[in-house]
Amino acid sequence: MKRNLRFYFALFFAKGTALVLKLIGRKGTSMPGSWAIILCPDFLGRMPRPKRVVGITGTNGKTTVANLVEDVLEDNGYSFVCNRSGTNVATGVASALIANSTLFGKPKKDLAVFELDERSSPHILPYLKPELLLVTNIFRDSYKRNAHMEFILDILNSYIPPETRLVLNADDLLCAGIRPENERMTFGIEHSAEDKTECHNIVRDVACCPHCGGELTWDVVRYHHIGRAHCESCGFSSPPPDYLATRIDARDQRLVVNCRGESGDFHLPDQHTINVYNVLSAIAFLSEFGLGREAIAASMAKLSISQTRYLEEEVHGRKVILHLAKGQNPIACSRAFENIREYPGKKAAILFLDDYFDAAHSVENTAWLYDTDFEFLNDESVTELVVTGARHWDVYTRLLLAGVSPEKIRHRREVENAASLLEGKEAASVFILYDVYTIGLAERTKEKVKELLRQ
Amino acid sequence: MKLELLFPEVCNLFGDVANMRYLRACLPQAEFVETPLREDPCFAREAVDLLYLGPMTEHTQEQVIEKLRPYRQRLKQMMDGGAAMLFTGNAMEVLGSYIENEDGSRIEGLGLLPLHAKRDMLHRHNSIFVGDFEGKEFVAFKSQFTMAWPEEGAQGLFPRKKGVGLHKQCAYEGLRRGNFFGTYLLGPILLMAPDFTRALLDAMGAEDAPLALEAEVRAGQKARLQDFYANEHDIWK
């Protein structure tokens, strides 16, 4: 699209806004991009793009994977535009491009790496036209915004440009079927003795064969619909992964990835299945980007999963663990609950599950609680649960329906002193589950729990 | 007592299958039959005490309509005979006259309910609903792509106090026909509106069954109402 007067007015206004924000000390805001798109709705289509643009999208894990990818690229000397400090919607992408452009919009960098919100694809992908796009997975997410997985798949299938090369999750039948006409590479994890063949989650969004509607036989179930399946009726099966993770060594934190007859040994910063997929997808994406195996491995060895998502601290031989559990996202919370159950020893957990904004100004839609596997917390190793927030009665009721004994649960509305409800006598570890908007509350609660454990 | 869940492997969006999980807690002795989409429904062979269908994707909705079309007469007979039925989310549209797409094309429903729906896939409607059931106030939620228009002879289920009914000007949410109850309200509704749940159990012939976790469910209901009225200014601004 050609640049016109409207575009230049929007660009100059956005740059002026960015300058003012910088002068008053505000960072990481998407306000310049918001103004640019308000003033020129097709701004992203008119804004000159860097020579190479790559993207990372999907329901879960995209921030973690984007951070890994960006860290590896940076460690290898790449200079690029990204939206790490902003938002992953169109305004965040526009802000990043504006911030990294000359007065007249010419890109200062040759490469752009963007984390992209899958719901925002119609406003981003046709303009950005990424040469390479990673889709981590497709799940149900916020009902209000994302509706259901079929809606998101329709969006991706409609708006991913035909020339975009895809990196897809072979162990996710929803993800693996995206735009079959596009060039693609896939990633997946090899079968292991610990794999299940039955789903223990409430939600499984692949109910039948995507080709004939017949019954699927699940050869491997990792979580929800992530796994491998085949159809006895028509012969359909999960696609073979081009990048296959083998020999996952949780103790030594190593991972071997096979591709095109060669194998590479990589550092595995976190052994949770979800993070094995995150690391594997980053390796596949970086390889398809053109980075050599040795270069990826050398940089990966220096990395960890972001501490804003998972952090362990030790106090007198006991652990306090901050664990992100995005509210309104039943899959993310179910993963967190399963991680609690699987963590060694006896555990207590403080749950901050309310949506921060709804709790302050509205009444949160509680439907998502019933797609979330609270049943994982009904385990003898989970000795105590503290629930606070505006919807504490709803979470309490949900826990009771999951079979958790009422004696294990304490709940109240006030959130700031949740730690005071904790007895913490039996538990070797205390988990604090929080949403992206309640990191501050989680941090303050962590300090109070540490104080309690010291006593 | 036998309850049939139609197609729970695909008609399970928005946490609504928990309506049946809650009924399992209320009716621990009852038999719950889960019928997959590829099998013939139980209600076609024998009487069931409750027939439940939950929310589904738009593509699935079209499959479900065709799946149930051969059983139209049986469903009509059940509705006329006072069988208890609960359809939540967009499930109610399956029984309506038609569903209209944005381009004006229509998907013919089973024609058992005086209602038609219009899809708008570009604008998802999300809102909080305050209504009452037989004078008892409750809060529930709407999250949907369609609005529905009742036709002649329609009887509303929940009078609207605040929020949006079947469509933006409609004075009520949901439809009732005898012991058929259909609503778009999510939450799940049986945990949001215990007085409605009581009436549903009575309609099923389970008058003696107590509401499970009644004190906790009612405490949640009360807290939601208090928060709604405390935040009303913010909610509607």
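Proteins come first, then strands; the chains are lettered A, B, ... in the order of their sequence lines, and each starts at number 1.
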Checklist entry - If we only count heavy atoms from C-beta on, is the I128(B) to S362(A) side-chain gap below 4.5 Å? => result yes
Item to check | chain A contact via A25(B) - which portion, at a heavy-atom distance below 4.5 Å | outcome: side chain
Next on the checklist: Quick check on E66(B): does its CD atom have over 12 non-hydrogen neighbours (other residues, nucleotides or ligands) under 6.0 Å away?
Outcome noted: yes
Item to check | Exceeds 12 heavy-atom contacts within 6.0 angstrom, atom CG of D208(B) | outcome: no
Next on the checklist: Quick check on E364(A) against chain B: is it the side chain, the backbone, both or neither that has a heavy atom closer than 4.5 Å?
Outcome noted: backbone
Item to check | Which portion of R124(B) sits near chain A, non-hydrogen atoms under 4.5 angstrom | outcome: side chain
Checklist entry - Side chains of T57(B) and M149(A): does their closest heavy-atom pair fall under 4.5 Å? => result yes
Checklist outcome for this item: Of the listed A18(B), G220(B), S143(B), A219(B), the one with the largest count of heavy-atom pairs under 4.5 Å with chain A is A219(B)
Next on the checklist: Assess the residue pair D394(A) and R224(B) against the criterion (side-chain contact (heavy atoms from CB on, under 4.5 Å)); give the C-alpha distance rounded to whole Å, side-chain angles, the decisive distance to 0.1 Å, and a yes or no.
Outcome noted: CA-CA 9 Å; D394(A) 298 286; R224(B) 279 186 296 277; 2.3 Å; yes
Checklist entry - Between Y22(B) and Y370(A), does the ring centre distance come in under 6.0 Å? => result no
Checklist entry - Does H59(B) offer a backbone N or O that forms a donor-acceptor pair with the side chain of E150(A) under 3.5 Å? => result yes
Checklist entry - Taking the inter-plane angle between the rings of H148(A) and F145(B) on a 0 to 90° scale, is it parallel (under 30°), tilted (30 to 60°) or perpendicular (over 60°)? => result perpendicular
Checklist entry - Taking all non-hydrogen atoms of both residues, which atom of H361(A) and which atom of N231(B) are closest, and how far apart? => result O-CB, 3.3 Å
Checklist entry - Tell me, do N365(A) and K142(B) make a side-chain contact under 4.5 Å, heavy atoms counted? => result no
Next on the checklist: Are there over 12 heavy-atom neighbours, none belonging to F32(B), within less than 6.0 Å of that residue's CZ?
Outcome noted: yes
Checklist outcome for this item: Pair count under 4.5 Å, heavy atoms only, with chain A: among A223(B), P36(B), G187(B), highest is G187(B)
Checklist entry - Of the backbone (N, CA, C, O) and the side chain (C-beta and beyond), which part of Q63(B) lies under 4.5 Å from a heavy atom of chain A, both, or neither? => result neither
Item to check | Over 12 foreign heavy atoms within 6.0 Å of OH, Y437(A) | outcome: no
Next on the checklist: Can you confirm whether Y159(A) is buried at OH, in the sense that more than 12 heavy atoms of other residues, nucleotides or ligands lie under 6.0 Å from that atom?
Outcome noted: no
Next on the checklist: Could you tell me if the side chain of L191(B) sits less than 4.5 Å from the side chain of R398(A), heavy atoms only?
Outcome noted: no
Checklist entry - For the atom pair CG (L213(B)) and OH (Y396(A)), what is the distance rounded to the nearest 0.5 Å? => result 8.5 Å
Next on the checklist: I need the contact set between residues 405-413 of chain A and chain B: heavy-atom distance under 4.5 Å, sorted by residue number.
Outcome noted: R413(A)
Next on the checklist: In the structure I gave you, are the side-chain heavy atoms of N12(B) and R140(A) within less than 4.5 Å of one another anywhere?
Outcome noted: yes
Next on the checklist: Tell me whether the rings of F14(B) and Y143(A) are parallel (<30°), tilted (30 to 60°) or perpendicular (>60°).
Outcome noted: perpendicular
Checklist entry - Who among A207(A), G214(A), A359(A), A147(A) has the most heavy-atom pairs with chain B under 4.5 Å? => result A147(A)
Next on the checklist: For K196(A), I'd like to know if atom NZ has over 12 heavy atoms of other residues, nucleotides or ligands within 6.0 Å.
Outcome noted: yes
Checklist entry - Taking only residues at least two apart or on different chains, which pairs with a member in residues 182-198 of chain B satisfy salt bridge (Lys or Arg N to Asp or Glu O under 4.0 Å)? => result D195(B)-R218(B), R198(B)-D202(B)
Next on the checklist: Side chains of R21(B) and I202(A), heavy atoms from C-beta outward: is any pair under 4.5 Å?
Outcome noted: yes
Checklist entry - What is the minimum heavy-atom distance between N126(B) and K144(A), and which atoms define it? => result ND2-O, 2.9 Å
Item to check | CD-CG distance between E9(B) and L216(A), expressed to the nearest 0.5 angstrom | outcome: 11.0 Å
Checklist entry - Between M192(B) and chain A, which part of the residue has a heavy atom less than 4.5 Å away: side chain, backbone, both or neither? => result side chain
Checklist entry - Heavy atoms, side chains only, cut-off 4.5 Å: are V363(A) and F141(B) in contact? => result yes
